[in-house]
Number of protein chains: 4
Amino acid sequence: MNIKAADQSKRPRRSDQSRAAILDATRHELIEHGWRKFSVDQVARQARASKQTIYRWWPAIANMCVEAGLDLLPARENKGRDPVERIGDLLRPIEQVAKTSSGHSVLRSAFLAASDDPAAGETFRAWLRDEIRGPLRMILAEIAAKNVIRRDFDLDGALDIFMGPVWSRLVIMRAPLPEDFSRHQAEHLLKILSPN
Amino acid sequence: MNIKAADQSKRPRRSDQSRAAILDATRHELIEHGWRKFSVDQVARQARASKQTIYRWWPAIANMCVEAGLDLLPARENKGRDPVERIGDLLRPIEQVAKTSSGHSVLRSAFLAASDDPAAGETFRAWLRDEIRGPLRMILAEIAAKNVIRRDFDLDGALDIFMGPVWSRLVIMRAPLPEDFSRHQAEHLLKILSPN
Amino acid sequence: MNIKAADQSKRPRRSDQSRAAILDATRHELIEHGWRKFSVDQVARQARASKQTIYRWWPAIANMCVEAGLDLLPARENKGRDPVERIGDLLRPIEQVAKTSSGHSVLRSAFLAASDDPAAGETFRAWLRDEIRGPLRMILAEIAAKNVIRRDFDLDGALDIFMGPVWSRLVIMRAPLPEDFSRHQAEHLLKILSPN
Amino acid sequence: MNIKAADQSKRPRRSDQSRAAILDATRHELIEHGWRKFSVDQVARQARASKQTIYRWWPAIANMCVEAGLDLLPARENKGRDPVERIGDLLRPIEQVAKTSSGHSVLRSAFLAASDDPAAGETFRAWLRDEIRGPLRMILAEIAAKNVIRRDFDLDGALDIFMGPVWSRLVIMRAPLPEDFSRHQAEHLLKILSPN
DNA sequence: AGATAAACGAGACGGTACGTCACGTCTTAGG
DNA sequence: CCTAAGACGTGACGTACCGTCTCGTTTATCT
């Protein structure tokens, strides 16, 4: 309670209340109207925020949408178990959010925004690097050392195989993810990378 | 992708010249501005066409964009060879168009449009059914009969595996397709579906 | 000047049925939407006529509207009575048509069209000359000869005095003409022109 | 015709600069194209103003045109002299503006707009009431008390007689007002209303 | 009785304008 | 300072209308 007062005492900085209301309204707008008909005016109106506040804190609308989508994802769990489960864990936050209709819509539109706007793609690609690609490389390197998979695997190719079906279902087909999606994806990836 | 010339003897005389100019301008606009900032006014201006002509012949802008993208794809070849090559053939039109920077952009934006607009998704899904999913089912059923792959494979799951990396590279990552992409995809799919 | 009388025996056979339907629809449109929002498409639709037919027979839309209005006016009666009544007779066709709400609207919009479009004004001014100004000059000259009015009256000034209140009520104020309007107008005019 | 600057300290800050530019462009457009072909786009373009700004501050285009016309009229002078001159004074602002070709056109089109659009007629009728009808009633009542004119005169009838020729020349005939128009109109009115 | 040539309905077309909405910038007033 | 509010110039939206231009299809003479 009393610790945070130290740094925040200085100047009236960014309002967390505004930020939350704006991201909520952004998600609502993405669900309601999708990416192309997304309206900043509508977000400002619904969040009772000034457009100036939006433009001050986000470099572009697409970044705001990506942030609104990624904010939904729960933190990745990291229990040390067998490799298949650890790889599957990487997809589990997405799988969980995509179970609800609204979460599915928000994620789809957020990824759409990242694809359509090269600048916002940066925000998205940073997330992909930190949350998927990086951990995946670590795990794969680990099990490659044990010769469970071939040592000369191509990481980006592996990423395509691993994430491709996510984009396929979530973004392109607008369809729910099937049962046990994360585990099956992990199994498929290992099967492809197996050295035989 | 071809409109029949059978009934053109009757009344509603659509101008093929306008249609071609509009689709060309659509492709140019998708390359230039992407999906969200796509401007119908700009297309009309550039095609020297009336906006009414656009709205008369396309149910929605997204449909027009999907059509503009799919129109680029060359006809699929169907030489009777081994299953891996026949499966790979399904991706070859896309692989070929995506080699050029502009073809890559147009296809990406067209798929974006199909994802963002549920109605236009129909046009896209019809193409997917006729050009990818249907042929793939035929080929897979054939080789399943020979026990090359498991007989109880899930077609939509196979489609995710087969097409997912396309969406991953083309749409999500905005990256070129790697060398021999079609053949590798076919091999991966068969490896996953293999019965062992 | 009058070439058309010669050629009417020849080929171009104008359809009176179309003409009547078009003028009816024109009146309906003037009542419904007024002059500025008058729509040729609407007229064609309602008259089940082609726009080509309209543009073939009328040099401008305003002319068509003026014609549609003036066509409503019954023929002027010419009973030989005292000068006041003969002058009043000139206004009676208008007075009669303006009694109904729709006739009032059509006449107003027709005169509006004539005022707004210099070319169509010709059609209107020809009517004014033949139906009002000419006859009025004859009558006034006649009674000026008997010294009932001053001999050096200004005809156009008299016309302003005589017709002005018509425009005032009908066009400007959108108000019905008062009782005995024609007779009072005749009396006023003679009072102004009286020589005392 | 003047908007007060008193309450401008409060919130809705209308740009006077925009308003003036828009009214100027409106006058130009009325002169150039008249009422039916009046283009809001053209006005916005010429005034370097947004169409939204136009639609925000005027309930209808016709109101804007009426305002643009009436704004031209100089303030009415009110020197206490004999009744004929005081009545003539009421017309003098119009007479003065109508002397120029452009003033003539603007006034005509403004009155046309008021006639064609019932809603905009209100703006016009308010002006007529305050600037013509009201003052005229006062003056006529005054001289009726001295038995110069009949005491039971009909004010609206008098208004028709007084203003009718204005509409006749200015609006209907598109002709200049004759010499000494205001004075003659006053004389005519008093002659008609004289009690003999 | 057929041929012929115009007028006709229908409606697509390139344009322009409509009235509304959105974008991103700016200004004002309040905490 | 940051915020809410909202006016502003710019320009796109999707619709309607303008005037022109084919299309076949009547239709009313003139062979």
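The figures that follow rest on heavy atoms only: side chains count, while hydrogens, waters and symmetry mates do not. Owing to the predicted nature of the structure, the values given are computational and were not obtained by experimental measurement. Just so it is clear: chains get the letters A, B, ... in the order the sequence lines come, proteins before strands, and each one is counted from 1.
- Below 30°, between 30° and 60°, or above 60°: for D:Phe124 and D:Phe111 the angle between ring planes is above 60°, a perpendicular geometry.
- The CD-P distance, from C:Glu32 to F:dA16, rounds to 16 Å in whole Å.
- Contacts of A:Arg36 with the nucleic acid, taken as non-hydrogen atoms under 4.0 Å apart, involve only primed sugar atoms and P, OP1 or OP2.
- If you take CD1 of A:Ile61 and P of E:dA22, they are 13 Å apart, rounded to a whole angstrom.
- From B:Arg125, atom CZ reaches atom CZ of A:Arg174 across 7.0 Å, with rounding to the nearest 0.5 Å.
- For the pair D:Thr53/D:Arg19, no side-chain contact is recorded, criterion being any heavy-atom separation below 4.5 Å from C-beta on.
- OP1 and OP2 of E:dA12 both lie 4.0 Å or more from every side-chain N or O belonging to B:Ser18.
- Rounded to a whole Å, the OH atom of C:Tyr55 is 18 Å from the C1' atom of E:dA7.
- With rounding to the nearest 0.5 angstrom, the CD1 atom of A:Ile22 is 8.5 Å from the OG atom of A:Ser50.
- A sub-4.0 Å separation between OP1 or OP2 of F:dA7 and a side-chain N or O of D:Arg56 is present.
- Taking the nucleotide of DNA chain E with the nearest heavy atom to each of A:Asp41 and D:Val40, the more 5' of the two is matched to D:Val40.
- Going from atom CH2 of C:Trp58 over to atom C1' of F:dC18 covers 17 Å, rounded to whole Å.
- Side-chain N/O atoms of D:Thr53 include one lying less than 4.0 angstrom from OP1 or OP2 on F:dG9.
- Comparing D:Phe38 and A:Glu29 by the nucleotide of DNA chain E that holds the closest heavy atom to each, the one mapping nearer the 5' end is D:Phe38.
- Between B:Asp117 atom CG and F:dC13 atom C1' the separation is 15 Å, expressed in whole Å.
- Straight-line distance from the CD1 atom of D:Ile54 to the C1' atom of E:dT20: 14 Å, rounded to whole Å.
- The side chain of B:Arg13 sits closest to F:dT22 out of F:dT22, F:dG9, F:dA4.
- The separation between A:Asp16 atom CG and F:dC2 atom P is 14 Å, rounded to whole Å.
- Rounded to whole Å, the distance from CH2 on A:Trp57 to P on F:dA4 is 12 Å.
- Of the residues in residues 42-52 of chain D, those lying under 4.0 Å from DNA chain E by heavy-atom distance are D:Arg45, D:Lys51, D:Gln52.
- Panel note: side chain D:Asp116, backbone C:Arg36; a donor-acceptor pair is recorded below 3.5 Å.
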Working note: B:Asp24 + B:Arg27, criterion salt bridge (charged side-chain N to carboxylate O under 4.0 Å, His left out); need CA distance, chi angles, decisive distance, verdict. CA-CA 5 Å; B:Asp24 272 351; B:Arg27 282 184 281 267; 2.9 Å; yes
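- The distance from the CG atom of D:Leu70 to the SG atom of D:Cys65 is 11.0 Å, given to the nearest 0.5 Å.
- Look at B:Ser39 and you'll find a side-chain N or O under 4.0 angstrom from OP1 or OP2 of F:dC13.
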